[in-house]
Structure formats: structure tokens, C-alpha cells
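Just so it is clear, the structure is predicted and the values come from calculations on it, not from any experiment.
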Amino acid sequence: MVRLLSLPTLGAFLYAATSTVSALTASADGQFNIQSPNSFGIFVAGQILPVTYQLDDSTSSGFGLNVYIASTGTNVTTTAIAAPANVSKDAASKMPDNGSTTVYQHTVNYALPATTVAGDYQVIFESTNTKVNTTLPITIRAAVASSSSVPSSSATGSNSASPSGNGKNDESAASVVSTGFLGAVIASAAVVAAAF
């Protein structure tokens, strides 16, 4: 028997299913906190690897930071994400007041190359004043193959932006993918509801 969910219950389920919680990881030398990536996080080649870190008023004035990504295994390669990374304590990076400590946050949105080999990697935060590294393990999955259910204009020999040429009732590949994703989420919600 399939049990239907009320709209508020379905909304709460979808919110919980798509929300992520990000805990702070303290650096090995205690000078800053890392918000992302999370240890053992999974990322995709060709997408963004968000690197977010926070420092506060107690962070040394001589503090410096470099951030790298390194492959693991026999043929280790290391690539700079931010060297040097921004460690300014200015109004633009100041977080809303949380009480007794002023926090400054910086984010680097590193574009993982689509050619990145799938596997295990490490994001390395190097404190340049103490020479102490904080290493977070992550996994990178292969890039998602680009496909479209609508032939491109170059494949059809057409110069129009619309496959049919009339602009009416055209569905983009993005809307087809979105509809498929929404259907999968609703189907998942029905399966979860049936378990109750």
C-alpha cells in the first residue's frame, strides 16, 4: 500500500533531503577553521570545489595560508588552489556578529577540471607562519557526460536557436533533466512514505 504524504510533510522531507550541514573543522595549529570541504566529501570533476575557511581576531597577524589539492597513490600531483590564500580581516570578509569573537570568512570556488581523474584526493591547508598542514581527504568522481535529448543546431544543419524553428512548445534539455530529477525525488518520497 502506498501512503500519500501531505504537502507540508513532503515539503519537510524534500528540504531535509536536499539540505546539507557543514561543521567546522579546526586547523591542526588552531589558527583558523575550515567550513568546506568536509572530510570525506564527494565532488565531481568539471564542477566546483568550494573551499571556505574562517579566521578570527585571535589569529596571528603573521598568519599566512596556502591551499592545495593533491592526488593520492603512486603518482602524486599537487595543484595550488590558492597560494597565497586571502587572509585579510576586512569589512568585506567580516561575518555577522556572533557575540564575543569577530569572524572573517573567505571562499575560493575552485573549478575542478573536467579531465580530473576520479579517485581519492587531499585538500591541504598550509599555515605558512607555523609550517603546519591540515589535510582533509575527499573523493572526486568522474565528470558527468554531457548529453541532450534535443539535437544541436550544428547536428541538424539549422541556424535557428530552436530545434523546431517556431519557438513554441520547445523543451530545453535542462527542463527535461529537471523534470526527470523531480520525478525521481517524488518517487523516492513515495518509497519512504510506504516504509512508514
Side-chain angles (χ1 to χ4, degrees), residues 5-70 78-114 116 120-141 143-144 174-175 177-178 181-182 184-186 188-189 192:
L5 297 174
S6 68
L7 193 51
T9 304
L10 180 59
F13 171 78
L14 292 175
Y15 177 77
T18 59
S19 296
T20 58
V21 176
S22 181
L24 294 177
T25 300
S27 65
D29 62 3
Q31 293 192 95
F32 64 100
N33 291 317
I34 302 164
Q35 183 174 8
S36 65
N38 291 326
S39 287
F40 304 104
I42 298 174
F43 300 91
V44 179
Q47 301 294 320
I48 297 296
L49 170 64
V51 176
T52 303
Y53 51 95
Q54 300 175 344
L55 33 140
D56 61 34
D57 287 332
S58 67
T59 303
S60 165
S61 61
F63 175 67
L65 182 67
N66 293 325
V67 184
Y68 304 97
I69 185 168
T78 302
T79 303
I81 291 175
N86 183 354
V87 294
S88 63
K89 296 179 183 178
D90 57 17
S93 61
K94 184 177 178 182
M95 298 293 292
D97 191 2
N98 67 349
S100 62
T101 305
T102 303
V103 175
Y104 303 91
Q105 179 171 295
H106 298 280
T107 299
V108 177
N109 288 317
Y110 178 69
L112 291 166
T116 302
D120 294 328
Y121 288 78
Q122 297 177 336
V123 177
I124 303 164
F125 294 81
E126 174 193 29
S127 297
T128 59
N129 63 327
T130 61
K131 305 297 183 209
V132 174
N133 291 347
T134 303
T135 303
L136 301 176
I138 64 168
T139 299
I140 297 177
R141 302 277 190 230
V144 177
S175 69
V177 170
S178 296
F181 175 74
L182 182 58
V185 170
I186 292 171
S188 297
V192 169

Side chain to side chain contact (heavy atoms under 4.5 Å, CB included) between Ile140 and Leu49, worked out: CA-CA 10 Å; Ile140 297 177; Leu49 170 64; 5.9 Å; no
Chi angles and distances behind the side chain to side chain donor-acceptor pair (under 3.5 Å) call for Asp56, Ser58: CA-CA 5 Å; Asp56 61 34; Ser58 67; 2.4 Å; yes
Derivation of the side chain to side chain contact (heavy atoms under 4.5 Å, CB included) call for Thr79 and Tyr110: CA-CA 11 Å; Thr79 303; Tyr110 178 69; 3.6 Å; yes
Side chain to side chain contact (heavy atoms under 4.5 Å, CB included) assessment of Gln47 paired with Leu112: CA-CA 6 Å; Gln47 301 294 320; Leu112 291 166; 5.6 Å; no
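Residue Ala45 comes nearest to Ala114 through the heavy atom pair CB-O, 3.8 Å, listed as atom of the first residue, atom of the second, then distance. Phe43 approaches Pro37 most closely through the heavy-atom pair CZ-CB, 3.6 Å. Closest heavy-atom contact between Ser88 and Ser93: O-OG, 3.4 Å. Taking every heavy atom of both residues into account, Ala26 and Asn33 meet most closely at CA-OD1, 3.4 Å. Of all the heavy atoms in Ile124 and Ala70, the pair that sits closest is CD1-CB, 3.9 Å. Contact detail for Val44 and Ala143: the closest heavy-atom pair is CG1-CA, 4.1 Å.
Using a 4.5 Å heavy-atom cutoff, the side chains of Thr102 and Tyr104 are in contact. Between Val108 and Val67, the closest side-chain pair of non-hydrogen atoms is not below 4.5 Å. The closest side-chain heavy-atom distance from Phe32 to Phe125 is below 4.5 Å. You'll find the side chain of Ile69 reaches within 4.5 Å of the side chain of Ile138, heavy atoms only.
Formation of a donor-acceptor pair under 3.5 Å by the Thr134 side chain with backbone atoms of Ala28 is found in this model.
Rounded to the nearest 0.5 angstrom, Leu55 CG and Lys89 NZ are separated by 6.0 Å. Rounding to the nearest 0.5 angstrom, the gap separating the CG atom in Asp57 from the OG1 atom in Thr101 is 7.5 Å. With rounding to the nearest 0.5 Å, the separation of CZ in Phe40 from CG in Asp120 is 9.0 Å. Within the model, atoms CD of Gln54 and OG1 of Thr25 stand 11.0 Å from one another, a figure rounded to the nearest 0.5 Å.
With hydrogens and angles left out, the side-chain atoms of Asp29 and Ser27 include a donor and acceptor closer than 3.5 Å.
Applying the ring-ring contact (aromatic ring centres under 6.0 Å, His included) rule to Tyr53 yields the partners His106; only residues at least two apart in sequence or on another chain are considered. By the side-chain contact (heavy atoms from CB on, under 4.5 Å) test, Asn129 is found to be paired with Gln31, Ser60, Phe63, Ser127, residues two or more places apart in sequence or in another chain being considered.
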